[in-house]
Peer 1: 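Dumping the structure here so I can ask a few things about it.
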Amino acid sequence: MSSVVTTSAASEQQGVMYQPLNRDSELGAYGWHYLFQQLRNDGIDFGVLQWTQYGDEDFSAGQPWLRDSITVWQNYMPLWLGLHLEDDYFTEMSKGLAAQQTFFTTYLRKVNASVARWEAWRQQHSAQFLGWYIPLELSDAYFDTPAKRQQLATFLTQLRERIGTTPLAISVFMSATLPAAEFGAWLEDIQQLGYHVWLQDGVGTQALSAAQRADYFAALNCDVVMINEAFVQTSKQPFAARSASAEELAAATSTSCHRRIWFSLRYLPQAVGLLYLSDVTRQLPAP
């Protein structure tokens with residue numbers, strides 16, 4: 001991957017998202033330093049921690065290995081920090097309007113608590129802090145009606161007000177439920193609420209054809225950041241995937257005006273022998 005990253009680093013910023021697993025605590029300070037140095041040398045400009053808590057798995061509790069590792073990371077590049085994600089998020093979103101409202105009401109409180117736990121770290125490392133990432137993967141399949149999108153907008157507005165002026169980012173994936181033009185307009189609406197919008201390119205999951213993806217990409221403004229999937233999905237239930245080949249990674253650079261975030265660090269060549277794929281099925285929900 002290094003040649004892919006280095007080639008385009010001069011013209012656009014590139015990031016990488018890290019999805020934590022507790023087994024990564026075994027890597028140790030030297031391993032993290034080595035890994036993050038390789039990323040910086042290969043043209044990665046910023047990092048994204050996908051979440052600090054997933055369901056009951058609180059990576060900031062007990063032995064603070066996650067805090068230690070991202071403290072090392074921010075010595076090499078600035079970071080977005082992901083907040084709390086409930087492990088029933090996808091299930092609740094699929095139930096419709098009422099269930100979504102119930103989820104959002106509870107989630108507002110949990111996000112506030114998550115911010116509070118990490119606020120001291122944020123202040124201490126503010127020079128290398130880019131903002132909070134809200135790890136709710138939005139989809140047009142979940143928000144396929146004006147009523148659902150309006151309810152989501154209300155929630156996002158409330159969340160924006162509670163967190164204040166700190167930059168916020170949120171990600172979206174495509175299901176082709178909304179037409180491409182309507183989908184693009186929806187992402188602009190979210191941007192207008194004060195969010196950086198990151199779109200999963202869908203190359204790894206292969207949920208949409210290449211022609212469908214191209215239609216949706218054409219409807220995006222250039223401020224949408226592309227999350228390039230650095231994997232190829234091999235099973236949907238349970239989720240399983242392999243790392244993309246060098247040729248497949250190179251093909252992911254074809255979207256012209258968008259900055260990119262590679263998903264995820266675990267699948268990249270720089271992580272080989274340092275971070276392992278075998279536990280990803282436990283943490284990574286399939287779209």
Side-chain angles (χ1 to χ4, degrees), residues 12-20 44-54 58-60 64 66-67 69-86 89 100-101 103-138 143 149-173 184-200 220-227 257-261 263:
E12 61 181 291
Q13 283 193 326
Q14 296 185 94
V16 64
M17 186 178 290
Y18 167 57
Q19 185 181 80
I44 296 295
D45 302 293
F46 65 95
V48 182
L49 177 67
Q50 187 169 7
W51 46 59
T52 52
Q53 182 175 347
Y54 181 80
D58 186 354
F59 301 100
S60 62
L66 185 60
R67 287 179 185 264
S69 63
I70 65 171
T71 299
V72 172
W73 197 358
Q74 57 84 41
N75 287 324
Y76 292 91
M77 62 190 69
L79 302 179
W80 290 87
L81 257 63
L83 295 171
H84 179 192
L85 179 63
E86 285 292 281
Y89 166 73
Q100 290 174 3
Q101 179 58 61
F103 179 92
F104 291 148
T105 300
T106 302
Y107 188 68
L108 274 176
R109 296 195 300 269
K110 293 188 175 181
V111 166
N112 283 342
S114 186
V115 169
R117 283 196 297 273
W118 285 86
E119 181 61 22
W121 189 95
R122 185 195 71 82
Q123 292 184 14
Q124 184 179 0
H125 302 280
S126 58
Q128 290 284 77
F129 177 78
L130 295 174
W132 301 113
Y133 168 59
I134 309 302
L136 302 180
E137 297 178 39
L138 308 180
F143 304 104
R149 293 194 293 277
Q150 181 55 55
Q151 183 170 265
L152 171 67
T154 299
F155 160 73
L156 292 176
T157 299
Q158 292 171 339
L159 182 58
R160 171 78 276 173
E161 291 171 349
R162 292 196 181 194
I163 291 184
T165 59
T166 305
L168 290 176
I170 199 162
S171 61
V172 185
F173 64 93
W186 177 44
L187 299 197
E188 289 189 15
D189 289 342
I190 297 172
Q191 290 171 328
Q192 291 299 314
L193 296 175
Y195 288 78
H196 297 257
V197 174
W198 304 342
L199 177 67
Q200 295 176 222
L220 305 176
N221 64 54
C222 288
D223 289 331
V224 174
V225 176
M226 199 69 68
I227 298 178
C257 69
H258 303 279
R259 290 181 298 140
R260 71 186 73 254
I261 297 170
F263 183 88

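All figures in this text were calculated on a predicted structure; none of them were measured in a lab.
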Peer 1: Taking side chain as C-beta onward, heavy atoms only, is I70 less than 4.5 Å from Y18?
Peer 2: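 With C-beta onward as the side chain, the pair stays apart.
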
Peer 1: Which heavy-atom pair separates G131 from T166 by the least distance, and what is that distance?
Peer 2: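 Shortest heavy-atom separation between G131 and T166 comes out as CA-CG2, 4.2 Å.
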
Peer 1: Going through the distances and angles, do S114 and T52 end up as a side-chain contact (heavy atoms from CB on, under 4.5 Å)?
Peer 2: CA-CA 8 Å; S114 186; T52 52; 3.5 Å; yes

Peer 1: Is the closest side-chain heavy-atom distance between L138 and I190 below 4.5 Å?
Peer 2: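 In short, these two side chains touch, coming nearer than 4.5 Å.
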
Peer 1: Hey, what do you get for CG (L193) to CD (E161), rounding to the nearest 0.5 Å?
Peer 2: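 Output value for this atom pair is 10.5 Å.
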
Peer 1: I need the minimum non-hydrogen distance between F173 and E137, along with the two atoms involved.
Peer 2: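 Smallest interatomic distance, heavy atoms only, reads CE2-O, 3.6 Å.
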
Peer 1: Taking atom types as modelled and ignoring hydrogens, do the side chains of R117 and Q53 form a donor-acceptor contact shorter than 3.5 angstrom?
Peer 2: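 Looking only at side-chain atoms, Q53 and R117 do form a donor-acceptor pair, the distance falling under 3.5 Å.
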
Peer 1: So, taking the atom named CD1 in I163 and the one named CD in Q158, what distance separates them when rounded to the nearest 0.5 Å?
Peer 2: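 Nearest 0.5 Å value for the CD1-CD distance: 12.0 Å.
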
Peer 1: L156 vs I170, test: side-chain contact (heavy atoms from CB on, under 4.5 Å). Steps then yes/no.
Peer 2: CA-CA 10 Å; L156 292 176; I170 199 162; 3.9 Å; yes

Peer 1: I want to check something: taking the side chain as every heavy atom from C-beta on, are V16 and I261 in contact at a cut-off of under 4.5 Å?
Peer 2: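 Not in contact.
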
Peer 1: Taking atom CG of L83 and atom CH2 of W118, what is their separation to the nearest 0.5 Å?
Peer 2: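 One finds 10.0 Å between CG of L83 and CH2 of W118.
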
Peer 1: Could you tell me if R259 sits above the aromatic ring of W198, with its cationic atom closer than 6.0 Å to the ring centre and no more than 45 degrees from the axis?
Peer 2: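 Judged by the rule (NZ or CZ under 6.0 Å from the ring centre, within 45° of its axis), R259 is not positioned above W198.
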
Peer 1: Ignoring hydrogens and geometry, is there a side-chain-to-backbone donor-acceptor pair from Y107 to H84 under 3.5 Å?
Peer 2: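 Such a contact is found between Y107 side chain and H84 backbone.
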
Peer 1: To the nearest 0.5 Å, tell me how far H196 NE2 sits from Q191 CD.
Peer 2: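 The distance works out to 9.5 Å.
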
Peer 1: Do the side chains of F103 and Y89 get nearer than 4.5 Å, heavy atoms only?
Peer 2: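 With C-beta onward as the side chain, the pair touches.
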
Peer 1: Is there a side-chain contact between L49 and W80, using heavy atoms and a 4.5 Å cut-off?
Peer 2: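 Contact flag for L49/W80 side chains = no.
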
Peer 1: Measure the acute angle between the ring planes of F143 and W186, then classify it against the limits of 30° and 60° as parallel, tilted or perpendicular.
Peer 2: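 Taking W186 first and then F143, their aromatic rings sit tilted (interplane angle of 30° to 60°).
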
Peer 1: Test M77 against I44 for side-chain contact (heavy atoms from CB on, under 4.5 Å), laying out the working first.
Peer 2: CA-CA 8 Å; M77 62 190 69; I44 296 295; 3.8 Å; yes

Peer 1: For H258 versus N221, what's the shortest heavy-atom pair and its separation?
Peer 2: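 Of all heavy-atom pairs spanning H258 and N221, the closest is CE1-O, 3.1 Å.
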
Peer 1: Are any side-chain N or O atoms of R160 and backbone N or O atoms of G164, one a donor and one an acceptor, separated by less than 3.5 Å?
Peer 2: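 Confirmed, R160 side chain pairs with G164 backbone.
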
Peer 1: Minimum heavy-atom separation for W51 to L66, with atom names?
Peer 2: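 Nearest heavy atoms, W51 then L66: O-CD2, 4.3 Å.
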
Peer 1: Does any part of the side chain of L130, heavy atoms only, come nearer than 4.5 Å to the side chain of P167, both counted from C-beta?
Peer 2: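 Answer no - side chains too far apart.
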
Peer 1: Can you confirm whether the side chains of Q123 and E119 place a donor and an acceptor under 3.5 Å from each other?
Peer 2: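 There is such a pair between these side chains.
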
Peer 1: Check whether any side-chain heavy atom of M226 lies under 4.5 Å from a side-chain heavy atom of L220, and answer yes or no.
Peer 2: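 Result yes, sub-4.5 Å side-chain heavy-atom pair found.
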
Peer 1: Please test F263 against Q200 for side-chain contact (heavy atoms from CB on, under 4.5 Å), starting from the C-alpha separation and ending with a verdict.
Peer 2: CA-CA 9 Å; F263 183 88; Q200 295 176 222; over 6 Å; no

Peer 1: Contact between V111 and L159 at the side-chain level, heavy atoms closer than 4.5 Å - yes or no?
Peer 2: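 With C-beta onward as the side chain, the pair touches.
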
Peer 1: Once you round to the nearest 0.5 Å, how far does CD of Q14 lie from CZ of F46?
Peer 2: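 Between Q14 CD and F46 CZ, I get 8.5 Å after rounding to 0.5 Å.
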
Peer 1: Any chance you could lay out the ring-ring contact (aromatic ring centres under 6.0 Å, His included) test for W121 and F129, step after step, and finish with the verdict?
Peer 2: CA-CA 10 Å; W121 189 95; F129 177 78; 7.0 Å; no

Peer 1: Side chains of Q101 and T105: donor-acceptor distance under 3.5 Å anywhere?
Peer 2: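 Per modelled atom types, Q101 and T105 side chains form a pair under 3.5 Å.
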
Peer 1: Which distance, rounded to the nearest 0.5 Å, do you find between the CD of Q100 and the CZ of F155?
Peer 2: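 It comes to 11.0 Å.
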
Peer 1: Which heavy atom of Q13 sits nearest to which heavy atom of D45, and what is that distance?
Peer 2: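 In this case the closest contact between Q13 and D45 is CA-OD2, 3.2 Å.
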
Peer 1: Can you see whether Q74 engages Q128 through a side-chain donor-acceptor pair at a distance of less than 3.5 angstrom?
Peer 2: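 Q128 and Q74 do not have a side-chain donor-acceptor pair below 3.5 Å.
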
